[in-house]
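Okay, so here's the structure we're looking at.
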Amino acid sequence: MANFKNAFSVKQPDIHVVIGPPSTGKTALIRQVVQSSKCLFKPIFINLRNGQFDTPQRVYDSIYSQFNPFFNKYKSLLKNNFVKKLYLEYTDFNLLNRFNNRYREKTSDDVRILLEKISDYLPNWSFWHNYQIPSPILIIDEANLLNQLEHKDKSLLKLILNWFVLNSKERERFHIVLTSSDSFFFTWLTECLNTLHVKPYIIGDLTNQEAEEYFEKHALPQYGCKELSGKFNQICKITGTRILIIDKYINEYKIYRNDGIKFKANRFSVYESEYNKLNHGLYPDSYNFRFLDKLNPPLWNDVDLIKVMNAIVKAENQGYIFENDLIKEIGAEKVYSLIDYNFLHRRLTTRFTYDIIDPPNKIILTAMNQPSVCAMKQVLSEIVEKK
């Protein structure tokens with residue numbers, strides 16, 4: 001939290017890309033940072049999880065609904081100071097285009113006008129600090145879904161991305177935070193922007209010490225399972241150190257306990273899900289994969305996946321394998337396909353990474369979670385038994 005607070009307080013606004021495996025708490029962490037620093041930041045949240053950026057109308061509505069309340073709140077201050085100081089024409093800071101029929105479907109041109117208005121109406125980042133007012137910070141959750149526009153309206157996507165650069169690096173209006181679980185999002189973004197003015201951060205799991213403290217002092221009292229106290233090292237072998245997975249394990253343990261049934265590791269739902277996915281992954285041409293929402297079909301075969309599982313299990317104590325090593329083993333296309341289908345997670349930086357001890361300054365690959373590692377061990381064991 002302290003590191004992100006410092007990053008967002010830099011006087012030259014930036015585009016920050018926060019990446020990490022699913023459910024590592026990226027969005028929750030960023031929300032906590034900005035909400036615990038209300039004197040510094042005024043967050044403007046846009047959540048793309050529900051497809052808000054797949055049409056011009058939805059793009060317009062999402063942006064307008066978040067920025068309009070902001071301008072309404074500070075309208076008087078901006079009128080009395082910003083307009084006069086910069087010799088702007090008088091404006092009421094109303095984001096609606098009065099010449100538009102509000103019942104008409106919005107177009108890319110309407111989005112362009114809206115974005116131009118926001119850029120014109122917002123003063124420099126330092127303005128807010130001079131008046132001791134929290135500065136705006138734009139936070140977009142699951143920002144990888146911006147790529148929906150790449151296939152539907154590429155010009156609109158370019159407009160939005162250029163607007164990000166304009167208001168952060170060039171005009172210094174506000175910091176922008178983009179969160180994503182997509183391993184390739186940062187690479188895609190930098191290629192689209194053709195700029196190096198983007199800072200990546202990786203949010204991994206907790207350290208063992210942090211996870212044990214969370215387990216003992218927060219999770220067990222919350223779920224009323226104090227009989228598990230002192231058993232973290234054993235449970236951690238199946239859950240790992242991710243808060244959501246620890247919570248889920250204890251909650252399922254409690255349900256089984258209340259029903260008078262012994263809870264075994266292979267009954268843990270996250271483990272079962274990973275185990276089933278790996279077994280299906282051994283047959284990539286099967287029905288299950290043809291109907292996943294992916295642009296490209298699976299490119300690996302069963303032998304490739306077995307090699308990957310062996311490499312991950314062998315490196316369990318280390319916590320990662322090098323991307324280049326796996327590419328040499330099975331080829332880049334197959335590696336990237338396995339990442340795309342969430343059999344592996346790709347970490348391109350170690351910035352803000354604390355769950356891996358002395359992480360190398362190279363691109364590394366990890367399992368999606370610790371239950372996945374456990375499932376890999378079981379699948380490999382069954383393959384050996386069949387032979």
Side-chain angles (χ1 to χ4, degrees), residues 17 19-22 24 144-145 147 150-151 180-192 194 196 198 200 202 204 273-351 353 355-356 359-384 386-387:
V17 180
I19 315 167
T24 49
N144 52 288
L145 295 176
N147 64 17
E150 189 170 21
H151 310 288
S180 175
S181 301
D182 188 328
S183 293
F184 296 115
F185 173 64
F186 179 79
T187 303
W188 173 84
L189 181 65
T190 52
E191 289 176 354
C192 289
N194 192 26
L196 298 177
V198 182
I202 294 292
S273 175
E274 293 296 327
Y275 174 80
N276 291 332
K277 183 175 74 173
L278 289 167
N279 273 307
H280 292 151
L282 293 172
Y283 306 94
D285 295 327
S286 67
Y287 170 92
N288 306 78
F289 285 98
R290 290 201 305 271
F291 288 87
L292 286 178
D293 185 21
K294 298 291 183 182
L295 294 175
N296 300 309
L299 300 178
W300 72 89
N301 58 37
D302 57 341
V303 175
D304 298 320
L305 182 55
I306 291 170
K307 288 180 180 179
V308 169
M309 289 191 288
N310 274 314
I312 290 291
V313 170
K314 185 178 179 180
E316 181 179 8
N317 292 334
Q318 179 175 266
Y320 61 86
I321 58 178
F322 290 110
E323 181 182 70
N324 282 341
D325 290 347
L326 190 59
I327 288 175
K328 290 175 184 177
E329 183 74 16
I330 66 173
E333 286 189 346
K334 293 178 179 181
V335 170
Y336 295 150
S337 184
L338 286 161
I339 295 170
D340 186 36
Y341 278 82
N342 295 324
F343 286 93
L344 293 168
H345 188 77
R346 182 175 188 256
R347 297 192 186 193
L348 75 167
T349 180
T350 57
R351 188 194 303 263
T353 294
D355 56 333
I356 294 176
N361 192 24
K362 294 182 180 179
I363 297 177
I364 60 175
L365 303 176
T366 68
M368 296 304 291
N369 48 51
Q370 181 60 26
S372 180
V373 178
C374 294
M376 288 179 183
K377 293 178 183 177
Q378 181 60 31
V379 171
L380 290 171
S381 173
E382 291 171 1
I383 290 173
V384 172
K386 288 179 182 178
K387 290 181 179 180

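All values derive from a computational prediction rather than experimental measurement.
The distance from atom CG of Asn301 to atom OH of Tyr283, rounded to the nearest 0.5 Å, is 12.5 Å. Note that CG of Leu344 and CD1 of Ile339 are 6.0 Å apart. Values are rounded to the nearest 0.5 Å. Rounding to the nearest 0.5 Å gives a distance of 10.5 Å between OG of Ser183 and CD1 of Ile363. Within the model, atoms CG of Leu348 and CZ of Phe184 stand 10.5 Å from one another, a figure rounded to the nearest 0.5 Å. Summarising the geometry, atom CG belonging to Asp182 is positioned 7.5 Å from atom CG belonging to Asp340; distances are rounded to the nearest 0.5 Å. Atom CG of Asn342 and atom NZ of Lys277 lie 5.5 Å apart (nearest 0.5 Å).
Between Pro298 and Pro284, the shortest heavy-atom contact is CG-O, 3.4 Å. Closest heavy-atom contact between Tyr341 and Asn296: OH-O, 2.6 Å.
Listed by chain and number, the residues in a side-chain hydrogen bond (donor to acceptor under 3.5 Å, both in side chains) with Lys307 amount to none (sequence neighbours excluded). Listed by chain and residue number, Gln318, Ile321 satisfy the side chain to side chain contact (heavy atoms under 4.5 Å, CB included) test with Ala315 (two or more places apart in sequence, or in another chain). Remark: Ser180 engages Asn144 in a side-chain hydrogen bond (donor to acceptor under 3.5 Å, both in side chains) (not counting sequence neighbours). Annotation: side-chain hydrogen bond (donor to acceptor under 3.5 Å, both in side chains) contacts of Asp355 (sequence neighbours excluded): Arg347.
A donor-acceptor pair shorter than 3.5 Å cannot be found between the side chains of His345 and Thr366.
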List the atom pairs, with distances to 0.1 Å, where a side-chain N or O of residues 322-336 and a protein N or O form a donor-acceptor pair under 3.5 Å, not counting sequence neighbours.
residue : atom : partner : partner atom : Å
Glu323  : OE2  : Arg346  : NE           : 2.5
Lys334  : NZ   : Asp304  : OD2          : 3.1

When the side chains of residues 372-382 are checked against the rest of the protein, which donor-acceptor pairs come out under 3.5 Å, sequence neighbours left out?
residue : atom : partner : partner atom : Å
Ser372  : OG   : Glu274  : OE1          : 3.3
Lys377  : NZ   : Glu316  : OE1          : 2.7
Lys377  : NZ   : Glu316  : OE2          : 3.3
Gln378  : NE2  : Glu382  : OE2          : 2.9
Glu382  : OE1  : Tyr275  : OH           : 2.7
Glu382  : OE2  : Tyr275  : OH           : 2.8

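In this structure, the side chains of Trp188 and Asn147 come closer than 4.5 Å at one or more pairs of heavy atoms. Using a 4.5 Å cut-off on side-chain heavy atoms (C-beta onward), Ile356 and Ile364 make contact.
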Full working for side-chain contact (heavy atoms from CB on, under 4.5 Å) between Leu282 and Ile383 = CA-CA 11 Å; Leu282 293 172; Ile383 290 173; 4.2 Å; yes

Phe343 and Val308: CA distance, side-chain angles, deciding distance, side-chain contact (heavy atoms from CB on, under 4.5 Å) verdict = CA-CA 9 Å; Phe343 286 93; Val308 169; 6.0 Å; no

